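Quick notes on the structure that follows.
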Amino acid sequence: MRNTQQIVKKYLYNSMPSYADHSVRVAEYMLRMQEILVGNGDLRFKAWQPDVLWLAGAFHDIGKIFVPRELLEKNVALTEDEWAQMRAHTTLSAGFLHKKVRDVSESSQYDEALEACIHTAMFHHERMDGSGYPNGASGEDIPLIARLCAVSDVYDALTADRPYRKAVSVECAAQKLLEQAGITLDASIVEPVFGNEANLARLSVA
Ligand SMILES: [Fe+2]
């Protein structure tokens, strides 16, 4: 695990500091949601060791190192061709991880970490109703860890400033997520986590 954390630093922090901060927050939210969901008795979320879950979150957007920086930083609408390049970060991430995590992971945790990282990177933009990318997968065809990452990713997108819009409050973000529960996002994650106000303070990574 130590080696894979060094990869996160090397490839993310050195080349894309703002995405590195986003990726680490996504990883932290995933850990906090895991804690809340397991505490609620949903044992499906015990499937991953916390350090594996953290890596999967930290690496979820790693393929963006292959997307032209001007696209990542663009603050006006992307053209269709630019969107296609942006959407490719999912498959690029999976390919990159396949090579890098395999090269450095300690053997005992290799399979678990690699599978978690690749599933998360590949599927975190898929949506429950099939409206996502890269494959338009839906419902339980989307790996659970990627559904968890999707919620975390959207939550951070809403609560952190982006070049094209300001952050919203955690209460407003929770409301927006609840509106998407069972449509684009997994209701079995969103409702127990964001339907209980006491959890919002537990999610804070400030
Ligand atoms: Fe992404």
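None of the values given here were measured: they were computed from a predicted structure. For ligands, and for the atoms within them, numbers begin at 1 and follow the listed sequence.
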Please, which pairs that meet salt bridge (charged side-chain N to carboxylate O under 4.0 Å, His left out) have at least one residue in residues 183-201, sequence neighbours excluded?
->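 Counting only pairs at least two positions apart or across chains, the salt bridge (charged side-chain N to carboxylate O under 4.0 Å, His left out) contacts touching residues 183-201 are Arg147-Asp186.
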Residues forming a ring-ring contact (aromatic ring centres under 6.0 Å, His included) with Tyr155, sequence neighbours excluded |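 ring-ring contact (aromatic ring centres under 6.0 Å, His included) list for Tyr155, sorted by chain: Tyr29, Phe194.
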Under the ring-ring contact (aromatic ring centres under 6.0 Å, His included) test, which residues partner Tyr133, sequence neighbours left out?
->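 Expected list: His125.
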So, the side chain of Asp42 versus the backbone of Arg44: is there a donor-acceptor pair under 3.5 Å, distance only?
->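 Such a contact is found between Asp42 side chain and Arg44 backbone.
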If you group Ile, Leu, Val, Met, Phe, Trp and Tyr by side-chain heavy-atom gaps below 4.5 Å, do Val193 and Val154 land in one group?
->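 Yes, Val193 and Val154 fall within the same hydrophobic cluster.
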For the Fe ion (ligand 1), how many protein N, O or S atoms lie at less than 2.8 Å?
->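 My tally for this metal is 4.
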Test log, rule side chain to side chain donor-acceptor pair (under 3.5 Å), inputs Arg32 and Ser152 = CA-CA 10 Å; Arg32 285 164 169 74; Ser152 178; over 6 Å; no
